[in-house]
Asker: 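One structure follows; several queries about it will come next.
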Amino acid sequence: MKDPALSTEVARLLALAVVGMVMGSFFSVPGLGFGLGLLIFILWHVRQLRQVRKWERLPQAPIPHNLSPFWHKWVADLSDRRHQAVQVKQELKRLQRKFEVLSVALPDAAVAVDSELRIEWFNDTAVSLLDLQPDDQGRSLVHVVRIPELVQYLQVGDFALPLDLETFAGASHPVSVQVSKFGKHDRLITFRDLTQDIRLNRLRQEFVANVSHEIKSPLTVVTGYLETIEDHADKPPKRSIIREMSRQCQRMRHLVDDLLELSRLEASELSDHDLQDVDLAHLTDEVRREAQALTSEAQHTIEVEGEAGVTIRGRAEELHSALFNLVSNALSYSPDGGIVSIGWQRKNDRIRLSVTDQGVGIKKDQIARLTERFYRVDKARSRDTGGTGLGLAIVKHILQRHDARLQIDSEWGKGSTFTCVFPILTEDRGGR
C-alpha cells in the first residue's frame with residue numbers, strides 16, 4: 001500500500017486476528033479468538049477516536065502525542081485545514097473591514113443589487129440620499145426608489161451611458177446614475193450628486209466671461225484710439241490719447257500678471273525649501289515705502305505699529321504680495337488725506353497682521369464675496385484706479401498656502417479692517 005500509516009493499521013489488525021485465532025485454538029474456539037482480537041482492535045480505535053474528538057473541541061490544544069500513525073496523520077491534516085480556515089477567516093474579516101471603510105469613504109451613494117434588482121447592500125451615503133432603511137435589504141430597488149426614469153433605465157438594461165436626473169428623490173439637486181456589472185448577475189449602482197460639478201462648471205463659465213470682459217474693455221478703448229489716429233494720420237496723436245492707451249495697456253498687463261500669479265498659486269505647493277523666517281517689521285516697512293509712492297497725489301498717511309521681533313515662517317515674496325495687495329486696496333478706497341494703518345500682534349497662539357482704512361466700508365452681505373475673482377464692491381471706482389478684481393483672491397490663496405486665513409471686519413460708512421491670521425508654527429511647520 002502507498003499509505004504507510006494505513007499499512008501499519010492493516011498489519012496490526014491481521015496480527016491481532018492471528019493471535020486471537022491461535023489462542024482460541026488452544027480452547028478449540030478459533031472463531032471466538034478471532035472475534036476477541038477484532039473487538040480489541042475496535043475498542044483501541046474507539047479510544048483513539050475519543051482522544052481525537054476531545055482535541056477537536058479544544059481549538060488551541062496540541063495534537064495528542066499517543067495517537068497511532070494513522071490517527072496522527074489524519075489529525076495533522078485536519079489541524080492544517082483548521083489553521084488554513086482560521087487564516088482565511090481572518091483575511092475575510094480584514095477584507096470586510098477594509099470594504100466597510102472604503103464604502104464609508106465613498107462620496108457617492110452605492111447600492112448592490114442582484115439580477116432581479118433586489119437590494120443586497122448599500123453604503124451610508126445611500127441611506128441619506130435614497131432614504132434607505134436596514135429592512136430594505138431584499139426588497140426591489142425600483143419599489144423603494146419610485147422614480148419613473150430610473151425604473152425604466154434599470155429595466156431596459158442598457159448601461160453604456162449614465163442616467164442624468166435634474167431632480168432626485170424630491171430634492172432639487174441633480175444626480176447621475178451609473179450601473180456597473182460584477183460577478184455573474186450582480187450590479188453596483190452609484191448615485192453621484194452633480195450639484196458641485198454644476199457649480200464649478202458655472203464658476204468656470206463666469207471666470208471665462210469675466211476675463212473676456214475685463215480684456216475686451218481696454219482693448220475696445222485702444223482700438224478706438226488707434227482708429228482715430230489712423231483717420232488723422234497726417235496729424236501727430238495728442239499726448240492725452242497716448243497716455244490713455246498706455247493706461248489701458250497697463251491695465252491689461254496687470255490683469256495678465258494677476259491671472260498668471262493665481263495660476264501659479266493654485267498649481268504649486270510650498271516646500272520647506274521655500275520657507276524662511278520673515279520679520280514683520282521689515283516686511284511692513286518695505287510695503288509702506290512702496291505703497292507711499294502710489295499715494296503722492298491723494299496725500300494718504302500710512303501708519304505702521306507692532307511689536308519687535310515677530311516673525312512668520314513663510315515665503316517672503318508671497319507674504320509681501322499679500323500685504324501689498326491689502327494696503328493698495330485700502331488706499332484705493334480711502335478718501336484723500338485718509339489714514340491707512342498696518343499693525344501686528346501676537347494673540348494666544350496666533351499672529352494677527354491687520355490693514356485698516358477709513359473708507360466707506362463694506363456692507364455685510366458683500367463681505368462673504370470679497371475674495372471671489374473679479375468681485376468688486378464699487379466696479380466703476382475699481383476700474384478707474386486700475387484694479388483687476390483679483391487682488392483679494394490672490395491674498396486668500398497666499399494665506400491658504402501658509403495655513404492662514406483672512407478675516408474681514410467692516411462697518412458701513414466707517415472703514416474696514418483686513419486681518420491675516422497666522423498660526424505660530426514650529427520650524428518644521430508641523431511636518432509640512
Asker: Tell me every residue that passes salt bridge (charged side-chain N to carboxylate O under 4.0 Å, His left out) with Glu411, counting only those two or more places apart in sequence or in another chain.
Answerer: Lys414
Asker: Apply side chain to side chain contact (heavy atoms under 4.5 Å, CB included) to residues Leu150 and Phe191 and explain how you reach the verdict.
Answerer: CA-CA 11 Å; Leu150 176 61; Phe191 300 80; 4.0 Å; yes
Asker: Going from CZ on Arg139 to CG on Leu117, what distance comes out if it is rounded to the nearest 0.5 angstrom?
Answerer: 13.5 Å
Asker: Identify, with sequence neighbours excluded, every residue that meets side-chain hydrogen bond (donor to acceptor under 3.5 Å, both in side chains) alongside Thr419.
Answerer: Ser354
Asker: Could you tell me if the side chain of Leu280 sits less than 4.5 Å from the side chain of Ile351, heavy atoms only?
Answerer: yes
Asker: How long is the gap from CG on Leu326 to CG on Leu406, to the nearest 0.5 Å?
Answerer: 6.5 Å
Asker: Asn325 side chain to Ser321 main-chain N or O, any donor-acceptor pair under 3.5 Å?
Answerer: yes
Asker: Could you check if a side-chain atom of Leu399 sits within less than 4.5 angstrom of a side-chain atom of Val395, using non-hydrogen atoms only?
Answerer: yes
Asker: In the structure I gave you, are the side-chain heavy atoms of Ser115 and Asp186 within less than 4.5 Å of one another anywhere?
Answerer: no
Asker: Could you walk me through whether Leu323 and Phe418 pass side chain to side chain contact (heavy atoms under 4.5 Å, CB included), step by step?
Answerer: CA-CA 10 Å; Leu323 183 58; Phe418 292 78; over 6 Å; no
Asker: Is a side-chain N or O of Ser263 found less than 3.5 angstrom from the main chain of Leu259, in a donor-acceptor match?
Answerer: no
Asker: With Thr311, which residues qualify under side-chain hydrogen bond (donor to acceptor under 3.5 Å, both in side chains), at least two apart?
Answerer: none
Asker: Compare every heavy atom of Val113 with every heavy atom of Ile119, then report the nearest pair and how far apart it is.
Answerer: CA-CG1, 4.1 Å
Asker: Measure across Ser140 and Glu116 and return the closest heavy-atom pair with its distance rounded to 0.1 Å.
Answerer: OG-O, 4.2 Å
Asker: Listed by chain and number, what are the salt bridge (charged side-chain N to carboxylate O under 4.0 Å, His left out) partners of Arg192, not counting sequence neighbours?
Answerer: Asp197
Asker: Answer yes or no: is there a donor N or O on one side and an acceptor on the other, between the side chain of Asp108 and the main chain of Thr190, under 3.5 Å?
Answerer: no
Asker: Taking Gln133's backbone N and O only, do any of them form a donor-acceptor pair with Asp136's side chain (distance below 3.5 Å, no angle check)?
Answerer: yes
Asker: Determine whether more than 12 heavy atoms belonging to other residues, nucleotides or ligands lie under 6.0 Å from atom CD of Gln137.
Answerer: yes
Asker: Checking Ala393 now: which residues fulfil side-chain contact (heavy atoms from CB on, under 4.5 Å) with it, not counting sequence neighbours?
Answerer: Leu262, Arg373
Asker: Evaluate the side chain to side chain contact (heavy atoms under 4.5 Å, CB included) criterion for residues Arg313 and Asp277: first the C-alpha distance (whole Å), next the side-chain angles of each, then the deciding distance (0.1 Å), finally the verdict.
Answerer: CA-CA 5 Å; Arg313 186 86 173 149; Asp277 291 328; 3.3 Å; yes
Asker: As an exercise, state the distance from NZ of Lys216 to OG1 of Thr223, rounded to the nearest 0.5 Å.
Answerer: 11.0 Å
Asker: Judged by modelled atom types alone, do Thr356 and Thr417 share a side-chain donor-acceptor pair under 3.5 Å?
Answerer: yes
Asker: Restricting to non-hydrogen atoms, name the atom on His300 and the atom on Pro335 that form the minimum distance, rounded to 0.1 Å.
Answerer: NE2-O, 3.0 Å
Asker: Under the side chain to side chain contact (heavy atoms under 4.5 Å, CB included) rule, what do Met245 and Leu226 come out as? Steps first, then yes or no, please.
Answerer: CA-CA 9 Å; Met245 290 174 62; Leu226 287 174; 3.4 Å; yes
Asker: With a 4.5 Å cut-off on side-chain heavy atoms, are Gln292 and Arg289 touching?
Answerer: no
Asker: Between Asn348 and Arg350, is there a donor-acceptor pair closer than 3.5 Å when you use the side chain of the first and the backbone of the second?
Answerer: no
Asker: Under the side-chain contact (heavy atoms from CB on, under 4.5 Å) rule, collect the residues that match up with Asp409, sequence neighbours excluded.
Answerer: Gln407
Asker: Looking at residues at least two apart in the chain, or sitting in another chain, which of them share a side-chain hydrogen bond (donor to acceptor under 3.5 Å, both in side chains) with Glu307?
Answerer: Arg346
Asker: For Arg315 and His402, work out which heavy atoms get closest and say how close.
Answerer: N-NE2, 3.0 Å
Asker: Evaluate the side-chain proximity of Gln248 to Ser217: yes if any heavy-atom separation is below 4.5 Å, no if none is.
Answerer: no
Asker: Restricting to non-hydrogen atoms, name the atom on Asp158 and the atom on Tyr153 that form the minimum distance, rounded to 0.1 Å.
Answerer: O-CE1, 3.6 Å
Asker: For residues Leu188 and Trp121, determine if any side-chain heavy atom of one lies less than 4.5 Å from a side-chain heavy atom of the other.
Answerer: yes
Asker: Let me have the donor-acceptor pairs involving side chains of residues 176-183, under 3.5 Å, with sequence neighbours excluded, atom names and distances please.
Answerer:
from, atom 1, to, atom 2, distance (Å)
Ser176, OG, Asp164, OD1, 3.0

Asker: Tell me whether the count of non-hydrogen atoms from other residues, nucleotides or ligands lying under 6.0 Å of CD in Glu230 goes above 12.
Answerer: no
Asker: Flag the pair Glu303 / Ile342 as yes when at least one side-chain heavy-atom distance between them is below 4.5 Å, and no otherwise.
Answerer: no
Asker: Kindly compute the distance separating CG (Leu353) from CZ (Phe422), expressed to the nearest 0.5 Å.
Answerer: 6.0 Å
Asker: Going through the checks in order, is the side-chain hydrogen bond (donor to acceptor under 3.5 Å, both in side chains) test met by Glu290 and His320?
Answerer: CA-CA 11 Å; Glu290 292 179 21; His320 182 282; 3.1 Å; yes
Asker: To check you understand the geometry: which heavy-atom pair defines the closest contact between Asp403 and Pro423, and what is its length?
Answerer: O-CD, 3.2 Å
Asker: Kindly write out the residues that satisfy side-chain contact (heavy atoms from CB on, under 4.5 Å) with Asp257, not counting sequence neighbours, or none if the list is empty.
Answerer: Arg253
Asker: Strictly distance-based, threshold 3.5 Å: is any side-chain N or O of Ser410 a donor or acceptor partner for the main-chain N or O of Ile362?
Answerer: yes
Asker: Going by side-chain contact (heavy atoms from CB on, under 4.5 Å), name the residues that satisfy it together with Asp193, two or more places apart in sequence or in a different chain.
Answerer: His173, Thr195
Asker: Applying side-chain hydrogen bond (donor to acceptor under 3.5 Å, both in side chains), name anything that partners Arg187, two or more places apart in sequence or on another chain.
Answerer: none
Asker: Could you grab the distance from atom CD1 of Ile408 to atom CG of Leu392, nearest 0.5 Å is fine?
Answerer: 6.0 Å
Asker: Mark yes or no for whether Gln358, through its side chain, and Ile339, through its backbone, hold a donor-acceptor pair below 3.5 Å.
Answerer: yes
Asker: Return the NZ to OH distance between Lys238 and Tyr225, rounded to the nearest 0.5 Å.
Answerer: 10.0 Å
Asker: Output yes when a side-chain donor or acceptor of His232 lies under 3.5 Å from a complementary backbone atom of Pro237, and no otherwise.
Answerer: no
Asker: Measure the shortest side-chain to side-chain distance between Ile398 and Leu265 over non-hydrogen atoms and say whether it is less than 4.5 angstrom.
Answerer: yes
Asker: Checking salt bridge (charged side-chain N to carboxylate O under 4.0 Å, His left out) between Arg401 and each of Glu317, Glu269, Glu318, which is the one that passes?
Answerer: Glu318
Asker: Using the salt bridge (charged side-chain N to carboxylate O under 4.0 Å, His left out) criterion, which residues pair with Glu244? Sequence neighbours excluded.
Answerer: Arg247
